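Here is the structure we will look at, set down as structure tokens.
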Amino acid sequence: MKKSNLLAATPEHVCILGLGPSLESYVDLVKRLGGRHAFCDEVWGINAVAGVVQCDRVFHMDDVRVQEVRAAAKPDSNIARMLEWMRRHPGPIYTSQPHRRYRGLVAYPLEAVINSCGWAYFNSTAAYAVAFAVHIGVKKISLWGMDFTYANSHQAEKGRACVEFHLGIAAERGIEIGFPAMTSLMDANAPVGDRLYGYDMVDLAFDDTGERHVVTMTPHDRLPTAEAIEARYDHAKHPNPLMKG
């Protein structure tokens with residue numbers, strides 16, 4: 001995508017891709033459809049994913065000068081390899097500070113996005129991409145490979161909360177949100193009934209209108225076993241079934 005296309009009409013359906021395990025499901029879907037544009041209007045890539053699959057826009061909020069320090073220390077690292085294609089990429093690659101050695105870099109419109117969305121809360125590149133989609137007024141956001149399947153989740157997965165926060169803003173503005181069935185983002189991989197904590201003694205039926213869930217509640221007297229109850233509090237297994245081991 002050329003820089004001249006930055007002012008093109010706002011896409012209705014944007015697909016934002018990360019490098020999590022559900023990215024493979026995105027690739028499988030679009031190849032069966034005959035191409036990515038059979039699924040959505042634009043594909044936006046987070047960081048290195050744009051060197052793997054076709055993306056219309058890229059988001060890399062780290063200052064490339066900082067990344068170059070990392071690359072110099074480890075010239076065979078994934079960061080070093082990513083910078084190689086980024087230097088040649090025509091853009092747009094939204095980032096915090098453009099640099100002349102990277103012709104595709106463009107400044108992320110931080111002031112406009114914060115004033116539009118109302119919150120200065122961005123702790124990951126993925127959150128910036130979601131907020132940008134909200135800011136320009138897309139009608140649907142789909143997220144693939146955005147699973148936050150890292151070790152030491154209390155440290156590495158704090159970005160999930162920020163992404164979900166901005167998805168909440170999107171939902172409040174009437175933007176449709178889509179996920180693959182196997183991602184742990186927004187607990188999409190859990191049965192809908194399991195997403196309402198505390199309602200063990202109620203049967204819940206849901207109607208998805210496309211804009212919201214409508215629930216019907218029917219009380220029952222079936223008590224779960226002690227083993228089933230304790231299993232819900234066991235966090236030894238990763239919440240995303242795509243993670244083995």
Side-chain angles (χ1 to χ4, degrees), residues 11 13-23 25-26 40 42-50 55 57-64 66-67 70 78-79 82 92-97 105-190 195 197 212 235 238-240 242-243:
H13 180 190
V14 164
C15 185
I16 305 178
L17 304 180
L19 282 168
S22 67
L23 176 64
S25 298
Y26 162 81
C40 61
E42 286 192 10
V43 177
W44 299 358
I46 305 300
N47 298 329
V49 74
C55 296
R57 313 191 198 204
V58 186
F59 290 78
H60 178 80
M61 294 305 298
D62 299 275
D63 193 311
V64 291
V66 175
Q67 296 289 57
R70 300 175 67 192
N78 61 332
I79 298 297
M82 178 181 65
I93 303 175
Y94 296 92
T95 190
S96 57
Q97 294 290 326
L105 294 185
V106 296
Y108 184 87
L110 181 64
E111 182 178 2
V113 171
I114 291 177
N115 291 340
S116 172
C117 297
W119 294 90
Y121 174 37
F122 301 98
N123 65 15
S124 70
T125 295
Y128 281 104
V130 173
F132 186 81
V134 174
H135 166 62
I136 66 174
V138 307
K139 294 183 178 180
K140 180 176 181 179
I141 303 171
S142 296
L143 301 103
W144 301 71
M146 210 80 69
D147 311 301
F148 295 94
T149 48
Y150 305 108
N152 302 315
S153 61
H154 63 291
Q155 297 174 355
E157 293 192 20
K158 66 180 182 179
R160 174 181 170 180
C162 192
V163 168
E164 291 175 340
F165 174 83
H166 286 283
L167 289 175
I169 295 175
E172 179 63 24
R173 297 193 180 185
I175 299 173
E176 184 180 352
I177 303 169
F179 312 93
M182 69 293 299
T183 184
S184 50
L185 185 67
M186 296 288 288
D187 292 339
N189 59 340
R195 301 177 209 173
Y197 180 84
R212 61 180 65 244
H235 301 298
H238 198 284
N240 192 315
L242 293 177
M243 298 299 293

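This is a predicted model, so every value here is computed, not measured.
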For a quick test of reading the model, state the closest non-hydrogen atom pair linking [X] to [Y] and the distance between them.
X: Ile93; Y: His60; value: CG2-CB, 4.0 Å
X: Asp62; Y: Ser96; value: C-OG, 4.1 Å
X: Phe59; Y: Thr125; value: O-CG2, 3.2 Å
X: Ala131; Y: Phe122; value: CB-CE2, 3.3 Å
X: Val106; Y: Pro92; value: CG2-CB, 3.9 Å
X: Cys117; Y: Val134; value: SG-CG1, 4.0 Å

Would Phe132 and Val14 count as a side chain to side chain contact (heavy atoms under 4.5 Å, CB included) here? Give the steps.
CA-CA 11 Å; Phe132 186 81; Val14 164; over 6 Å; no

Sorted by chain and residue number, the side-chain contact (heavy atoms from CB on, under 4.5 Å) partners of Ala107 (sequence neighbours excluded) come out as Pro98

Taking side-chain contact (heavy atoms from CB on, under 4.5 Å) as the test, write out the residues that go with Ala48, two or more places apart.
Leu19, Met82

Treating Ser22 as the side-chain partner and Ser25 as the backbone partner, does any N or O pair qualify as donor plus acceptor under 3.5 Å?
no

Rounded to the nearest 0.5 Å, what's the gap from CG on Leu110 to CE on Met61? Could you check?
7.0 Å

With rounding to the nearest 0.5 angstrom, report the NE2 to OH distance, His135 to Tyr108.
8.0 Å

N/O donor-acceptor pairs under 3.5 Å from side chains in residues 136-144, not counting sequence neighbours:
unit_1 : atom_1 : unit_2 : atom_2 : d
Ser142 : OG     : His13  : NE2    : 2.7

Flag the pair Tyr94 / Tyr128 as yes when their ring centroid distance falls below 6.0 Å, and as no otherwise.
no

Side chains of Val49 and Tyr26 in contact at under 4.5 Å (non-hydrogen atoms)
no

Side-chain contact test, heavy atoms from C-beta onward, threshold under 4.5 Å: evaluate it for Ser124 versus Met146 and give yes or no.
no

